[in-house]
Amino acid sequence: MARFWFHNHKARNLIRETLSAQEDGHILGDKELAQLGCDFEGKQFGEMIYLLDPGKIIVPSHMGLKTITGMHGYHPDHPDSDAALLANVETELPVNSLTDLFDLMSYEAGVMTDISLEKACA
């Protein structure tokens, strides 16, 4: 995926037009961002997010100039995005999705507040 922040409307429009013409991915709209739990306040993780199709990689990137052999950051519905949580003890907090891991790690590290614990167990 690629995330964009813009200094002006001209840049936003040019990048939107360029990305919309690509066949290897799509720009995530507000509805899809909300469905994925990525509709963050203030667009802090990108004013525009372009999601590549699985198996595609942007090169060069901040990862380097050479093509790497694997990547993450594809759509969570794709079969290659499946994950597992393995533990040798029962967890006290429910883990139903990837976004639940932050609360679990915070709780296990002893930094979760009572308020966030109640929210996590709701």
Side-chain angles (χ1 to χ4, degrees):
M1 77 175 157
R3 301 180 295 166
F4 298 87
W5 291 263
F6 304 101
H7 293 288
N8 58 62
H9 291 292
K10 182 178 179 183
R12 178 191 315 273
N13 293 338
L14 181 60
I15 290 172
R16 179 174 292 282
E17 181 181 315
T18 301
L19 292 176
S20 294
Q22 303 305 308
E23 297 180 6
D24 58 0
H26 68 281
I27 297 169
L28 297 177
D30 291 339
K31 184 177 179 181
E32 188 171 8
L33 287 168
Q35 290 171 338
L36 295 171
C38 298
D39 54 342
F40 301 103
E41 185 176 333
K43 305 276 187 183
Q44 63 182 340
F45 295 108
E47 294 175 39
M48 181 186 299
I49 299 176
Y50 183 78
L51 185 64
L52 284 169
D53 295 335
K56 306 289 182 173
I57 298 176
I58 298 170
V59 177
S61 72
H62 72 281
M63 301 291 288
L65 297 175
K66 297 179 182 175
T67 303
I68 56 177
T69 56
M71 189 46 98
H72 68 280
Y74 299 111
H75 198 285
D77 287 347
H78 191 273
D80 290 339
S81 292
D82 287 347
L85 171 64
L86 305 175
N88 62 349
V89 295
E90 187 83 23
T91 62
E92 293 185 39
L93 296 180
V95 178
N96 299 309
S97 73
L98 182 62
T99 57
D100 294 334
L101 291 179
F102 178 80
D103 287 336
L104 176 64
M105 290 186 292
S106 297
Y107 178 77
E108 293 296 332
V111 297
M112 180 177 275
T113 67
D114 292 338
I115 295 170
S116 55
L117 177 60
E118 290 173 14
K119 178 184 149 219
C121 292

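The structure displayed is predicted, hence computed values, not measured ones.
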Minimum heavy-atom separation for L93 and Y107, please, with both atom names.
CD1-CB, 3.5 Å
Quick one: pull up CD1 in I58 and OH in Y50 and give me the separation to the nearest 0.5 Å.
7.5 Å
Nearest atoms (heavy-atom pairs only) where K10 meets N8:
N-OD1, 3.1 Å
Would the number of heavy atoms belonging to other residues, nucleotides or ligands and lying under 6.0 Å from CD of E23 be above 12?
no
Rounded to the nearest 0.5 Å, the OG1 atom of T91 sits from the CG atom of D103 at a distance of 12.0 Å
D30 and K43: which non-hydrogen atoms are nearest, and at how many Å?
OD1-NZ, 3.0 Å
Who pairs with R12 by salt bridge (Lys or Arg N to Asp or Glu O under 4.0 Å), at least two apart in sequence or on another chain?
E47
Find out if a path of hydrophobic residues (ILVMFWY) with successive side-chain heavy-atom gaps under 4.5 Å connects F102 to L36.
no
First locate atom CZ of R3, then atom CG of L51, and finally report the distance between them rounded to the nearest 0.5 Å.
12.5 Å
Just do the side-chain contact (heavy atoms from CB on, under 4.5 Å) check on L85 and L104 with the steps written out, would you?
CA-CA 11 Å; L85 171 64; L104 176 64; 3.9 Å; yes
Drop me the distance from D24's CG to I57's CD1, to the nearest 0.5 angstrom.
11.5 Å
side-chain contact (heavy atoms from CB on, under 4.5 Å) between L28 and M1: does it pass, once the steps are laid out?
CA-CA 10 Å; L28 297 177; M1 77 175 157; over 6 Å; no
Are F45 and I15 grouped together when hydrophobic residues (ILVMFWY) are joined by side-chain heavy atoms under 4.5 angstrom apart?
no
Given T18 and Q22, is the side-chain contact (heavy atoms from CB on, under 4.5 Å) satisfied, shown in steps?
CA-CA 7 Å; T18 301; Q22 303 305 308; 4.2 Å; yes
If the condition is ring-ring contact (aromatic ring centres under 6.0 Å, His included), which residues does F6 pass it with, not counting sequence neighbours?
none
What are the two closest non-hydrogen atoms of N96 and D100, and how far apart are they?
N-OD2, 2.6 Å
